[in-house]
Structure formats: structure tokens, C-alpha cells
Amino acid sequence: MFHVNVEGAVFRDGKWLVIERSKKEGHAGGLLSLVGGTVDQEGFSANILERTVQREMFEEVGVKVKDEMIYVRNTSFILDDGSEVIDIVYLCELLDGEEAFIKSPDEVEAVYWLTSEEIIGHPDAPVWLIDSIKAAEAVMKVKA
């Protein structure tokens with residue numbers, strides 16, 4: 001059985017919202033990441049993926065995103081404990097006036113707004129973040 005994780009790619013003023021994951025995190029601690037987290041079991045539910053992105057954005061960096069999200073990509077990976085994870089990325093837009101900050105220091109070490117080039121060149125940017133940013137950029141070009 002898979003765990004399901006969702007992430008929100010937020011682009012504003014030429015930069016992406018990324019976090020440095022807390023070093024306390026079991027997976028990818030200290031690395032750059034999009035904001036996101038695990039989908040909770042809810043039984044019968046609608047829009048669970050999108051609501052999870054909204055919940056994680058608010059819990060981790062204190063922002064609200066619009067209900068309309070655009071699917072970017074999905075991947076899978078295996079955690080150190082052998083658990084299999086499906087990861088789904090959505091392109092999101094902040095509500096007007098929202099500003100990200102470290103709301104959950106147990107999960108977030110720092111909040112950054114970085115260009116694609118800054119992310120690609122960053123020593124703490126894992127390949128899956130870089131690939132997600134490139135995929136989100138491709139979706140934005142199609143959307144434009």
C-alpha cells in the first residue's frame with residue numbers, strides 16, 4: 001500500500017515558494033522542498049488532494065491558496081523504512097495578501113522565494129524538486 005503525499009508549487013513575481021525542511025524530518029531533512037505533506041485517511045471524500053495541499057500550506061508556512069489548482073505531475077519513491085510513497089504536485093496560487101513564514105518549526109527550517117535558476121544551482125536542491133519546478137514551468141507555459 002502506498003502513502004500519498006501532495007505538494008504545492010507556488011510561483012509569484014518570478015520566484016518559487018520553497019522551504020528548507022527541518023533537520024528533524026526523517027525524510028530529506030535539511031533539503032529544499034515544495035510545501036506539502038501526507039494525505040490523511042478520510043473514508044469517502046471529495047477533493048482530498050487539493051484540500052491536503054491547502055492544509056499543509058497553512059500548517060507549514062501560514063498561507064492560504066486558491067481552490068483552483070492545476071495538476072503538474074506525479075512520482076513515486078521509497079522511504080528509508082521501505083514505505084512506498086506516491087507524490088503529486090499541483091500548481092497553486094496564493095490568496096491576495098498572503099505572506100509565507102515559518103509557522104511549523106518542527107517541519108520548516110526556512111522559507112525562501114527563489115528563481116528556477118537559483119533552485120537548480122542550489123546545493124541543497126534534490127533532483128526531485130528540480131524536476132517538479134521544471135514540470136510546473138512547462139504547465140505554466142501551456143496555461144499562458
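Residue pairs meeting the salt bridge (Lys or Arg N to Asp or Glu O under 4.0 Å) criterion with at least one partner in residues 43-52, sequence neighbours excluded, are E42-R51. Residue pairs meeting the ring pair (Phe, Tyr, Trp, His ring centres under 6.0 Å) criterion with at least one partner in residues 1-20, sequence neighbours excluded, are F11-W16. Counting only residues at least two apart or in different chains, salt bridge (Lys or Arg N to Asp or Glu O under 4.0 Å) contacts with residues 108-117 are absent. The list of salt bridge (Lys or Arg N to Asp or Glu O under 4.0 Å) pairs with a residue in residues 87-99, not counting sequence neighbours, reads R12-E99, K66-E93.
Between W128 and T75, the closest side-chain pair of non-hydrogen atoms is not below 4.5 Å. Taking the side chain as every heavy atom from C-beta outward, Y90 and L49 approach each other to under 4.5 Å. Two residues are said to be in side-chain contact when any heavy atoms from C-beta on lie closer than 4.5 Å; V108 and S22 fail this criterion. Side-chain atoms of V89 and N74, non-hydrogen and from C-beta on, never get closer than 4.5 Å to each other. Two residues are said to be in side-chain contact when any heavy atoms from C-beta on lie closer than 4.5 Å; M69 and L91 fail this criterion. At a threshold of 4.5 Å between non-hydrogen side-chain atoms, the residues K15 and L114 do not count as touching. Between F58 and K103, the closest side-chain pair of non-hydrogen atoms falls below 4.5 Å. Inter-residue side-chain proximity for I78 and V85 is flagged as unmet; no heavy-atom pair is nearer than 4.5 Å.
In this structure, T52 contributes its side chain and V39 its backbone to no donor-acceptor pair below 3.5 Å. A donor-acceptor pair under 3.5 Å links the side-chain atoms of T115 to the main chain of E118, judged by distance alone.
Rounding to the nearest 0.5 Å places CD1 of I119 at 4.0 Å from CD1 of I133. Interatomic distance, CG of D67 versus CG of L95, reported as 8.0 Å (0.5 Å rounding). Between E56 atom CD and S104 atom OG the span is 9.0 Å, to the nearest 0.5 Å. Rounding to the nearest 0.5 Å places CD of E20 at 8.5 Å from CD1 of I102. Rounded to the nearest 0.5 angstrom, N5 CG and T38 OG1 are separated by 5.0 Å. Expressed to the nearest 0.5 Å, how far CD of E7 lies from CD1 of I19 amounts to 8.5 Å.
V72 and L129 end up in the same hydrophobic cluster when Ile, Leu, Val, Met, Phe, Trp and Tyr side chains are linked at under 4.5 Å. Criterion: ILVMFWY side-chain heavy atoms under 4.5 Å apart, direct or through other members. Under it, F77 and V6 are not part of a common hydrophobic cluster. Hydrophobic clustering (ILVMFWY, side-chain heavy atoms < 4.5 Å, transitive): I48 and V53 are in one cluster. Following chains of ILVMFWY side-chain contacts shorter than 4.5 Å, one can reach L34 starting from L32, so the two form part of one hydrophobic cluster. The same ILVMFWY cluster, assembled from side-chain heavy atoms under 4.5 Å apart, contains both Y71 and L17.
Shown here for M57 and V65, the closest heavy-atom pair between the two residues is CG-CG1, 4.1 Å.
Ring geometry, Y112 versus H122: the interplanar angle falls from 30° to 60°, so the pair is classed tilted.
Scored by the side-chain contact (heavy atoms from CB on, under 4.5 Å) test, A138 finds no partners at all (sequence neighbours excluded). For I120, the side-chain contact (heavy atoms from CB on, under 4.5 Å) partners at least two apart in sequence or on another chain are I130, K134.
Residues E137 and S116 bring a donor and an acceptor atom of their side chains to less than 3.5 Å of each other.
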